[in-house]
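Ligands are counted one by one from 1 in listed order, and the atoms in each one are counted from 1 as well. Note that these values count all heavy atoms, side chains included, but never hydrogens, waters or copies made by symmetry. In this text, all values refer to a predicted model and were calculated from it rather than measured experimentally.
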Amino acid sequence: MSPFPAPRTPVLPATWISPTHRKTFEEAGTTAHRLASGAGGWAERLGDDAMISHKNEQALRELIAGLEAWSAESGWTPNRIFTRFLPLKNDERISPVLHSGDATLPLTTVVTENGVRYGLDFAAGYSHGLFLDQRMNRARVRALKPKRVLNTFAYTCSFSVAAALAGAETVSVDLSRKSLDRGKENFALNDIADKGHRFIADDTLELLPKFDSKGKRFDLIILDPPTFSRGNNGRRWQVEQHFEDLLCAALEVAMPKCAILLSTNCTKLNPVALEHMARLCVKGKRRTADYPRSLPPVDFPAGHGSSTLWVMVR
Ligand SMILES: C[S@@+](CC[C@H](N)C(=O)[O-])C[C@H]1O[C@@H](n2cnc3c(N)ncnc32)[C@H](O)[C@@H]1O
């Protein structure tokens, strides 16, 4: 019997990117991107490998068959295929499993995004290490050429790497020391020297007021928190309830001119809701800002990927 739930309603087939898009990514130095997105799951190219994330057995079967057909059409075939079940509850999350390919190969790999190198680890847990839907936001970080960047909820520090490559000093904050160590490895993979870069294992919510009282200021701040978490001393974080407080605290450490990225996977907080919340905070702190809208990445159809908003404080 299948360990995965049966779909309750018929699942629409996933939409696959065109083989031309794959070539365009490759020419731009990007080997990590979505291949397909659908209601039952999605497929990603991750360097020489592919990963299928699925909600049920039928979606898994369809995505495997879709990948075979897409490989034949595009001429790109993954060395290995990993699969990952997408449970409804966070505490049921497990690491990806190898579906096909050489089981003796290491479970780590290196992918590139616009020429930047990032390490992935298929055995590190539910997430391999790089959120592909943030590609355009990482590109924006580089284009803005910030000087002092605060990357909160930094995970494997991909935003910090992008900022450092643009010449910024960075501070990466995450509760998980292990994730920050992977962040340091990402810095090393891109030959970025340690000087000017700090990695702090702490609770963002507790650190922001401390930074404020020490007079620390930043011209680019990343706020990409999880939907739920437990911070220091078991403090409960729930993004819908607490994002506004987080942004208000971040505004206290924002330089007079500062770019702030808001991002969330919580479906209730769409970009319109994020902008409404941001306008309230910015006004409350007697600041003004622009809210430029970004084009969605070509490999993420509407409704897929996180909701994001840039708050350009001026
Ligand atoms: C959604 S991931 C962030 C993804 C990251 N921005 C990226 O693009 O790679 C959430 C991260 O927040 C961290 N985290 C959760 N609660 C935290 C807290 N209160 N303070 C600092 N980090 C926290 C988790 O350890 C996890 O690495």
- prompt: Between Phe122 and His128, how do the two ring planes meet: parallel, tilted or perpendicular, split at 30° and 60°?
  reply: perpendicular
query: Applying a 4.0 Å heavy-atom criterion (strictly less than), which segment of Phe131 is in contact with ligand 1: side chain, backbone, both, or neither?
result: side chain
Under-4.0 Å heavy-atom contact with ligand 1, by part of Phe159 that carries it: side chain
message: Taking only non-hydrogen atoms of Leu175, do any sit less than 4.0 angstrom from ligand 1?
response: yes
query: Quick one: does Leu207 get a heavy atom under 4.0 Å from ligand 1?
result: no
query: What's the verdict on salt bridge (charged side-chain N to carboxylate O under 4.0 Å, His left out) for Glu169 and Lys147, showing C-alpha distance, side-chain angles and the deciding distance?
result: CA-CA 6 Å; Glu169 291 183 359; Lys147 298 222 166 0; over 6 Å; no
Polar contact flag for [X] and ligand 1 (N/O pairs, less than 3.5 Å):
X      : result
Phe153 : yes
Ser179 : no
Ser229 : yes
Asp224 : yes

Below 4.0 angstrom from a heavy atom of [X], which ligand 1 atoms are there? Numbered from 1 as shown, please.
X      : result
Asp202 : 20 (N), 21 (C)
Asp203 : 18 (C), 19 (N), 20 (N)
Tyr155 : 3 (C), 4 (C), 5 (C), 9 (O), 27 (O)

- request: Under 4.5 Å between side-chain heavy atoms, chaining through other members, with only Ile, Leu, Val, Met, Phe, Trp and Tyr counted: pull out the rest of the cluster around Leu105, sorted by chain and number.
  value: none
query: Counting heavy atoms only, which of Asn186, Asp174, Val239 comes nearest to atom 13 (C) of ligand 1?
result: Asp174
- request: Apply side-chain hydrogen bond (donor to acceptor under 3.5 Å, both in side chains) to Ser229 and list each qualifying residue two or more places apart in sequence or on a separate chain.
  value: none
Aromatic [Y] / basic [X] pairing, under 6.0 angstrom, 45° off normal:
X      : Y      : result
Arg177 : Phe199 : no
Arg230 : Trp237 : no
Arg84  : Tyr126 : yes

query: Which residue and non-hydrogen atom of the protein lie closest to atom 10 (C) of ligand 1, and at what distance in Å?
result: Pro226 CD, 3.9 Å
- prompt: Starting from atom 21 (C) of ligand 1, which protein heavy atom do you reach first, and at what distance in Å?
  reply: Thr204 OG1, 3.1 Å
query: Between Trp70 (side chain) and Ile17 (backbone), is there a donor-acceptor pair under 3.5 Å?
result: yes
Carboxylate-amine/guanidinium contact Arg80 Asp102, below 4.0 Å: no
